[in-house]
Every structure is written in structure tokens, then in C-alpha cells.
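Here's the structure, in C-alpha cells; my notes come after.
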Amino acid sequence: MARLDSRGLHSSTPSTCLVRVWISSSSTCGSSAAELLAIAEELRHHDIELELLNGPLQGLYNPSGHGAALFAFFAGMAESEREYVREKSLEGQASARERGRHGGRPKVFDDDMLAYARSLRERGVPVPDIAAKLVIPTGKNKGRHPSVASVHRMLAESGGTDAN
């Protein structure tokens, strides 16, 4: 008996037995063109028919005939949909940037903290001591001290010396 599990298709079915895979929605077939083509090849290899139970493409498909074309169609649609979502995401990010909104985590260091840290560093204060003197003014870590690594990174990005 053939079975389809999370690791793939395993078959010990005699060649005289008809095996069908029922799919209730074409959107559950796979998330990428490569995955859909791999499923189609697996079905074709084991001579398993595909039956879609609902939707505009409802019907029974032979893996070596119309079923192969159907999976090629699904693969093309999956790639097209993924590209559309990607384009819309990039458009949204560009639109947000034009409005002055930037994604990502907010900065921990403001200009005053940076100036204070640089002045301490120029006077020879070790970076761990600088981190202990700074306090994060906003965000979820408000009132805490920044990590030593964050202070090193801030000093390096601002052009300050970052030697221990």
C-alpha cells in the first residue's frame, strides 16, 4: 500500500492496485515550484493519480498526461504569486521610506549618548565602564545599560576609536 507522509512517498503497492491522492484545495499542494515539481515527479514515478475535490480544476489527473501539465501550471502560479507578494512588499517598504518610516529595530543610542561615549573613550575610559555609565532612554530596554558589544559597535560606526 502506498502512503504519503512528511518524509515523502513510500510505495510497496502492487502494480495492479490503483492509488489516488485527493487534494481538497489546490493551494495546499506546495509552497514553491520546486516542491510542486518534486511532488509531480514522485506521483509520476509511482503511477499515482491526482484528484482535486473542488475548485475550478476539479477532476482526476493521470500523472503522465494532464496531471503533469496541471502541476506545471501550479508551479507557474506559485512562482507568480510569490513574485507578486515580493513586489508588493518592496513597494510598501519604498513607500514607507518616502514617508520617513524605516523598518527594523529602533536605535538604542541617541546623539547625546554617542557624544558622551566618544568623549569618555577619548579620555581613555574602557568600553565596559562606558557601557555601565550609559542608560538607554527609550524602548523596551529603557533604563537599562547597553551591552559592551553595542557600545563597541556604536563607537566603530561613529568613527570613534574602539580599542580596549
Side-chain angles (χ1 to χ4, degrees), residues 2-11 21-46 48 50 52-57 68 70-164:
R3 69 183 195 278
L4 188 61
D5 64 14
S6 62
R7 295 172 310 233
L9 186 66
H10 304 281
S11 178
V21 173
W22 292 279
I23 298 177
S24 61
S25 170
S26 61
S27 64
T28 62
C29 288
S31 59
S32 70
E35 184 179 350
L36 286 169
L37 293 174
I39 291 171
E41 184 56 37
E42 196 75 19
L43 291 174
R44 187 174 16 261
H45 176 72
H46 293 285
I48 295 175
L50 171 70
L52 295 177
L53 299 177
N54 58 21
L57 297 172
L70 177 72
F71 272 98
F73 171 75
F74 283 159
M77 292 306 293
E79 288 290 330
S80 176
E81 182 178 357
R82 206 170 21 267
E83 184 63 28
Y84 176 76
V85 168
R86 181 180 176 280
E87 286 175 6
K88 288 298 178 185
S89 294
L90 291 175
E91 286 176 13
Q93 290 170 359
S95 173
R97 253 190 317 275
E98 289 172 2
R99 294 188 315 269
R101 312 258 322 171
H102 299 282
R105 190 171 180 171
K107 298 266 185 206
V108 170
F109 300 99
D110 58 15
D111 292 337
D112 293 336
M113 284 178 69
L114 178 59
Y116 181 57
R118 289 183 73 190
S119 70
L120 289 173
R121 190 69 198 130
E122 288 168 2
R123 286 189 274 162
V125 177
V127 174
D129 293 345
I130 295 172
K133 292 179 187 231
L134 298 175
V135 177
I136 299 171
T138 60
K140 75 175 191 175
N141 292 324
K142 181 178 181 179
R144 297 172 125 181
H145 301 287
S147 70
V148 174
S150 293
V151 175
H152 276 291
R153 189 170 35 258
M154 172 192 58
L155 291 171
E157 289 174 358
S158 70
T161 56
D162 190 19
N164 287 329

Inset, instruction - Please step through side chain to side chain contact (heavy atoms under 4.5 Å, CB included) for the pair F109 and V151, ending with a clear verdict. - result: CA-CA 9 Å; F109 300 99; V151 175; 4.2 Å; yes

Inset, instruction - Quick one: list whatever passes side chain to side chain contact (heavy atoms under 4.5 Å, CB included) with L114, sequence neighbours left out. - result: R118, M154, S158

Legend entry - Residue pair D110 / P137, side-chain heavy-atom distance below 4.5 Å: yes

Inset, instruction - Would you give the length of the straight line joining atom OG of S80 to atom CD of E83, rounded to the nearest 0.5 angstrom? - result: 8.0 Å

Legend entry - Minimum heavy-atom distance P146-A131, with the two atoms named: O-CB, 3.6 Å

Legend entry - Distance-only donor-acceptor check, side chains R86 and S89, under 3.5 Å: no

Inset, instruction - Determine, step by step, whether I136 and H145 satisfy the side chain to side chain contact (heavy atoms under 4.5 Å, CB included) criterion, reporting the C-alpha distance in whole Å, the side-chain angles of both residues, the deciding distance to 0.1 Å, and the verdict. - result: CA-CA 6 Å; I136 299 171; H145 301 287; over 6 Å; no

Legend entry - Results of side chain to side chain donor-acceptor pair (under 3.5 Å) for K88 - residues two or more places apart only: E91

Legend entry - Contact summary for V135 and M113, nearest pair of heavy atoms: O-SD, 3.6 Å

Inset, instruction - Mind running side chain to side chain contact (heavy atoms under 4.5 Å, CB included) on E87 and L90 for me, showing each step along the way? - result: CA-CA 5 Å; E87 286 175 6; L90 291 175; 5.9 Å; no

